[in-house]
Amino acid sequence: MERTFLMVKPDAVQRNLIGEIVSRFERKGFKLVGAKFMKITNELAETHYQEHKGKPFFDNLVSFITSGPVFAMVWEGKEVITTARKMMGKTNPQEAETGTIRGDFGLVTHRNVIHGSDSEQSAKREISIFFQENELIEYKKTV
Ligand code: CMP
């Protein structure tokens, strides 16, 4: 079954949006298989965002994502990667549709509430840098 990495960013943690965001994925029917409330180190931020290294916003991105705790999660389900991206909305919250997480709760690109893997390859990579295999819980979801 497909898995994705999702992370409630420091702006959304500060605004008490963890529950709201988790609830959306729960209600959709996806299965939570891992979760961690944590502070990201500079090293982890640079590894996670390595594809953006060299871009003009990279330093700000690293300082923002390390500025306060995040809620890192792994979710499982049919086509969870693309569906979660749809539920999150566009990267720039001003362009994100109302009804999406960023459309409902974000205002600017550099504080855009949530991160989600954009492909199967990045999901695998991101899950493995945030979680050990034994931190992901195998269980049966009956509803
Ligand atoms: P995220 O999905 O976490 O992946 C990369 C992040 O870079 C993105 O969300 C934005 O929060 C951030 N970012 C900041 N500035 C820009 C920009 N100009 N273009 C794209 N992403 C940006």
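Keep in mind that the numbers below use all heavy atoms, side chains included, and drop hydrogens, waters and symmetry copies. Ligands are counted one by one from 1 in listed order, and the atoms in each one are counted from 1 as well.
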> Do other residues, nucleotides or ligands put more than 12 heavy atoms under 6.0 Å from the CD atom of Glu120?
Replying inline: no
>> Among all the protein's non-hydrogen atoms, which is closest to atom 10 (C) of ligand 1, and how far away is it?
In response: Thr109 O, 3.4 Å
> Closer than 4.0 angstrom: is that true for some heavy atom of Glu51 and an atom of ligand 1?
Replying inline: no
> Would the number of heavy atoms belonging to other residues, nucleotides or ligands and lying under 6.0 Å from NZ of Lys90 be above 12?
Replying inline: no
>> Is it the case that atom CD in Gln14 sees more than 12 heavy atoms from other parts of the structure closer than 6.0 Å?
In response: no
>> Is it the case that atom CZ in Arg111 sees more than 12 heavy atoms from other parts of the structure closer than 6.0 Å?
In response: no
> Which one of His115, Met7, Arg85, Lys55 has a non-hydrogen atom at the shortest distance from atom 1 (P) of ligand 1?
Replying inline: His115
>> Would Tyr49 count as being in polar contact with ligand 1, using the rule that some N or O on each side must be under 3.5 angstrom apart?
In response: yes
>> Does the residue Lys9 have a heavy-atom contact with ligand 1, meaning some pair of atoms that are separated by less than 4.0 Å?
In response: yes
>> Using modelled atom types and a 3.5 Å cut-off, is there a donor and acceptor pairing between side-chain atoms of Ser67 and backbone atoms of Phe64?
In response: yes
> Which residue owns the protein heavy atom closest to atom 6 (C) of ligand 1, what's the atom, and how far is it?
Replying inline: Leu61 CD1, 3.6 Å
> Of the protein's non-hydrogen atoms, which lies at the shortest distance from atom 21 (N) of ligand 1, and what is that distance?
Replying inline: Phe57 CZ, 3.7 Å
>> Is there a path of hydrophobic side-chain contacts, each under 4.5 Å between heavy atoms of I/L/V/M/F/W/Y residues, joining Leu107 to Phe105?
In response: no
> At a non-hydrogen distance cut-off of under 4.0 Å, which region of His52 contacts ligand 1 (side chain, backbone, both, or neither)?
Replying inline: side chain
> Any nitrogen or oxygen of His110, main chain or side chain, under 3.5 Å from a nitrogen or oxygen of ligand 1?
Replying inline: no
> Should you measure from each heavy atom of Arg102, which atoms of ligand 1 turn up under 4.0 Å away?
Replying inline: 2 (O)
> With a 4.0 Å cut-off, would you call Glu138 and Arg3 a salt bridge?
Replying inline: yes
